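Just so it is clear, the structure is predicted and the values come from calculations on it, not from any experiment. Naming: A, B, ... by sequence-line order, numbering from 1 per chain. The figures here come from the full heavy-atom set of this structure, side chains too, leaving out hydrogens, waters and symmetry mates.
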Amino acid sequence: MNYLVGLLSVVFFILAITVISKSLKLNKNLSGENESDSALDSHNNTNAVGFLLFWLFGTIAGVWSFLHSQPDFLPEAASAHGVKTDSMFWISMAVVTFAFFITNSLLFFFAFQYRNNKNRKATFYPVNHKLEIIWTIIPAIVMAILVFTGWRTWRDITSQAPSNAVVIELTGHQFGWYVRYAGNDDSQLGNINYKLIDETNSLGLDFTDKNTFDDFTASELHLPKGVPVLLKIRAQDVLHSVYLPFHRVKMDAVPGMPTKFWFTPTISTDEMRAKLGKSDFNFKLNCTEICGRGHFGMAITVFVDEPEDYKKWVSEQKPFLTMNPAYLSKVPENLKAKASKYIPAEPIATDSTASEAVSVK
Amino acid sequence: MSTAVSTTEEVIAHGHDHGHDHEHEHHELGFIRKYIFSEDHKTIAKQYLISGILWAFIGGALSIIFRLQLGFPDMSLEWLRPVLGEWIDESGKLDKEFYLALVTMHGTIMVFFVLTAGLSGTFSNFLIPLQIGARDMASGFINMLSYWFFFLSSVIMFSSLFIETGPASGGWVIYPPLSALPQAMPGSGLGMTLWLTSMALFIVSQLMGGINYICTIINLRTRGMTFTKMPLTIWSFFFTAVLGLLSFPVLLSAALLLIFDRSFGTSFYLSEIYIQGQALPNMGGSPILYQHLFWFLGHPEVYIVLLPALGMTSEVIATNARKPIFGYRAMIGSMMGITVLAFIVWAHHMFVTGMNPFLGSVFMFLTLIIAVPSAVKGFNYITTLWKGNIVFTPAMLFSIGLVSLFISGGVTGIILGNSALDINLHDTYFVVAHFHLVMGAASFFGLMAGVYHWFPKMFGRMMNKTAGYIHFWFTFVGVYSVFFPMHYTGIAGFPRRYYSFTALGNDSQAAFTDLNAFISFAAIITFTAQAIFFINFFYSIFKGKRATQNPWKSNTLEWTTPIVPGHGNWEGEIPAVYRWPYDYSKPGSEADFIPQTIPHSATPESNLPEENDEIAKEKEIESLLAAQNESYNR
């Protein structure tokens, strides 16, 4: 990258020197007459050459910098849909880069080629309907193809989640994420109510709903590999946005309006570590909607486990009620029996740490 | 309405004066009426321009401060403490909230105060009467009010930079609930109140301006200036004004509802919020509603910013390529298409906000349609250069630069408009790169092209050309160096509005440390290079070489006025118009340009066969003189 800095500084420098030296020369030769009255001056060719140089150095810098940055782009998508959108992205990118290169090249070449020449007159060429139609229709067709493939992919991504999907709830708050799983006994997330939020029950779990009893919270996001995952996304205070860069997942978290996104992780953390040759690699969940001071640090770690490891991990987690037996008092009488199942004989000396997501450091 | 009528009479009175005593250049107004509370469209335009330039420097400086943080995250910014005070924290780093305030104010200032008011406000005001052949705007008084509302709005926005809790910090889109809840961030307190007040006044100013532009273009064209003989600049100002007039009121509604939520306990945008240990009573509101309302303006705003730049570029390119603009009617048609489509693509900013995905599909289709007229414009510009005889004035350089940036930034719009691809790219630097090129830099280049091209008409003097060339090359190389590499960080998944990228994990920010430093370095050079312009501009106002009548050998009407036109623009009768504005290098003609005021009967050698029919209409056009004078004398 230092080379690029150097290269472009040189370009700047050369251009500046050229222009300045030309202008000095002009000053020496300046007879003080007609020349300066006309819009045309001796720099005209310099500027024309400038466009050609810009094209040349721009192309070199563009290609070089792309190749240089490419290894640092997001690696292969770690989700089923992400592989599709990635390939679509690079195909679209090829199409637009082609258009970008051709049109910019024509622009700069024409600028150079048709620089002013006193002995020539511009061609009076005001209209050509055939040309206009051609370059209306060609982009329209290309666009139609891109849109259509994009639409089909979008439709698949946003379709109803498969019924076997693992449901996980993510709740954004300033500045962290709460993760809640449906528990080991039912696959239903219990209700939550923001008015029930207190220091321990930071999600506002509603213990009048029996589905809540086995729900557990976590400070990290664990996902099973190869199984569809449905993220139910909430926000408590302001907008946040769930961003799983490696899974090509993004969906805003909106207070008062739960959102969702389902996808299938295809590469486990271990596989990704092996692939990248980085033993400390971890997937991340970041926030991409401006939410205040700690926005940039609002991240938790994501583990994609082999299905059996995932099962094991889930089975080891303790329901919120088990960790915080005091909440039994919030359970209505008729459900007390059901809830008591989750209350340990010995009260566990713990507090809310498990429910606190990692927040900004 | 009564004011409108009375001021129309005032304008008429000026016209009347000119009609009758030609020797009198203009009746002398006091300093205040002439330079401050002026109703002369040219003075108002200059007021807008100078305000816009000052704002651009403020907006640019803010971006340099946050680029320092992004490019050199370990740098001590202690040396900025004399300016920023408490906003530099104990460790000598930029305060994290102030970083967001900088980003927010940079966006607000650049989009609204520089590229809307500074660009459209300047050139719509300056060029509409001069290019259509009118003595002034339809209502000089409303026009003056428009500027002073803008000025008031500017003062309020500027003052918000200095308050203790800081200016608005929730991003220039000020999405609630972040912007609605002062407890969410300090910038959402007084700073946001000032932001909303300022923007409400700004919208009032835009509406006053817009209605004036539309009325003037429809009603005050000189005899012979039919719609199909209008320069593309005027067409672009017309469409811009229509866009503004229809979309700004929606932003005003959005802002009003936000004001209600903030101050009067309503729940338009708020629902089920628990913040700072407190559950708020608001239920049933929707933050998505705000986003719909905001982007209903926000998207047309892109074209409000861009269309005037494209219009002026058409004019500058045709003049300096010494060639008619290619596909004049296709240009109008594509601008018309863009104007209509601009209103029905807004939700492409909201693909992943939780909006129904079916709506996402609809908006994806509509969005990619808008690429077609934009592509047509690009091709037409390139074809205009083809076989031209190009004179590279600074304005022409900036216009060619605009076309390049418009294409380079535009093509990535095809990617972002695809909702499936937007999932990963949304709110990353890819978006930042895209819109800075296509709307930020392109429009800025349009603004510069306009200033260099019409400076002689504004101030009667020329700007230094060599300084203009240097300014262009630094800016052009600089802008590409800043924004092109941002695509890479976007593809690498770097989100925008991040104070630092450490939380992305896996040390991924390390790979782009050099790149970010390079971008900041290029931004500083580019920003510094604007000093060349600043000095050139203000020096040339007073000391520039005297301009000639028609320095660029252009066809349009403004070059038929006196070198420094007085109030009323033309001494004597307003000239009639007989032909379109793009008769450059016409075969058979001795000169390589034929101004709009030359009748076809005077140029039999160069008339195209169908233009000989126009000769018959000349009598008709001339006979309109009485009616035209009548309209000013009524």
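Contacts of A:Pro245 with chain B are made by backbone atoms alone, with heavy-atom separations under 4.5 Å and no side-chain atom involved. Using a 4.5 Å cut-off between heavy atoms, B:Ala321 contacts chain A through its backbone alone, with no side-chain atom that close. Heavy atoms of A:Ala48 lying under 4.5 Å from chain B belong to its backbone as well as its side chain. For A:Val249, the part lying under 4.5 angstrom from a heavy atom of chain B is the backbone only. Proximity to chain B is limited to the side chain of A:Gln174, based on heavy atoms less than 4.5 angstrom apart. Only the backbone of A:Asp280 has a heavy atom closer than 4.5 Å to any heavy atom of chain B. Residue contact with chain A, scored on non-hydrogen atoms closer than 4.5 Å, involves the side chain of B:Asn418 exclusively. Heavy atoms of A:Trp90 lying under 4.5 Å from chain B belong exclusively to its side chain. Neither the backbone nor the side chain of A:Asn193 comes within contact range of chain B, judged by heavy atoms closer than 4.5 Å. Both the backbone and the side chain of A:Val147 come within less than 4.5 Å of a heavy atom in chain B. With a 4.5 angstrom heavy-atom cutoff, A:Phe109 does not touch chain B via any of its atoms. Looking at A:Phe66, both its backbone and its side chain come within 4.5 Å of chain B, counting heavy atoms on both sides. Only the side chain of B:Leu181 has a heavy atom closer than 4.5 Å to any heavy atom of chain A. Neither the backbone nor the side chain of B:Ser179 comes within less than 4.5 Å of any heavy atom in chain A. For chain B, the nearby part of A:Met257 is the side chain; its heavy atoms alone come within less than 4.5 Å. A:Ile233 does not touch chain B: none of its heavy atoms, backbone or side chain, sits under 4.5 Å away.
Judged by a 6.0 Å distance limit and a 45° cone about the ring axis, A:Arg115 is positioned over the six-membered ring of A:Phe112.
Ring planes of A:Phe110 and B:Trp386: tilted class, angle from 30 to 60°. Between A:Trp151 and A:Phe148, the ring planes are tilted. Angles from 30° to 60° get that label. Using cut-offs of 30° and 60° on the angle between ring planes, the pair B:Phe392 and A:Phe51 is tilted. Using cut-offs of 30° and 60° on the angle between ring planes, the pair A:Phe73 and B:Phe512 is parallel. Using cut-offs of 30° and 60° on the angle between ring planes, the pair B:Tyr328 and B:Tyr582 is tilted. Note on ring orientation: taking the six-membered ring where Trp is involved, the planes of B:Phe521 and B:Phe518 are tilted (angle from 30° to 60°). Taking the six-membered ring where tryptophan is involved, the planes of A:Phe54 and A:Phe108 are perpendicular, since the angle between them exceeds 60° and thus also 30°.
When each of A:Leu146, A:Thr136, A:Thr153, A:Ile157 is scored by its heavy-atom pairs under 4.5 Å with chain B, the top score falls to A:Thr136. The choice from A:Lys195, A:Arg120, A:His81 that makes the most heavy-atom pairs within less than 4.5 Å of chain B is A:Arg120. For chain B, the option among A:Ala144, A:Ala111, A:Ala140 with the highest count of heavy-atom pairs below 4.5 Å is A:Ala111.
Not less than 6.0 angstrom separates the ring centroid of A:Phe296 from the ring centroid of B:Phe501. A distance of 6.0 Å or more separates the ring centres of B:Tyr584 and A:Phe124.
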Begin with the C-alpha distance, continue with both residues' side-chain angles, and end with the deciding distance and a verdict on side chain to side chain contact (heavy atoms under 4.5 Å, CB included) for B:Ile415 and A:Met93. CA-CA 7 Å; B:Ile415 304 225; A:Met93 208 57 191; 3.3 Å; yes

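Using a cut-off of 4.0 Å between Lys/Arg side-chain N and Asp/Glu carboxylate O, A:Arg248 and A:Asp86 are scored as salt-bridged.
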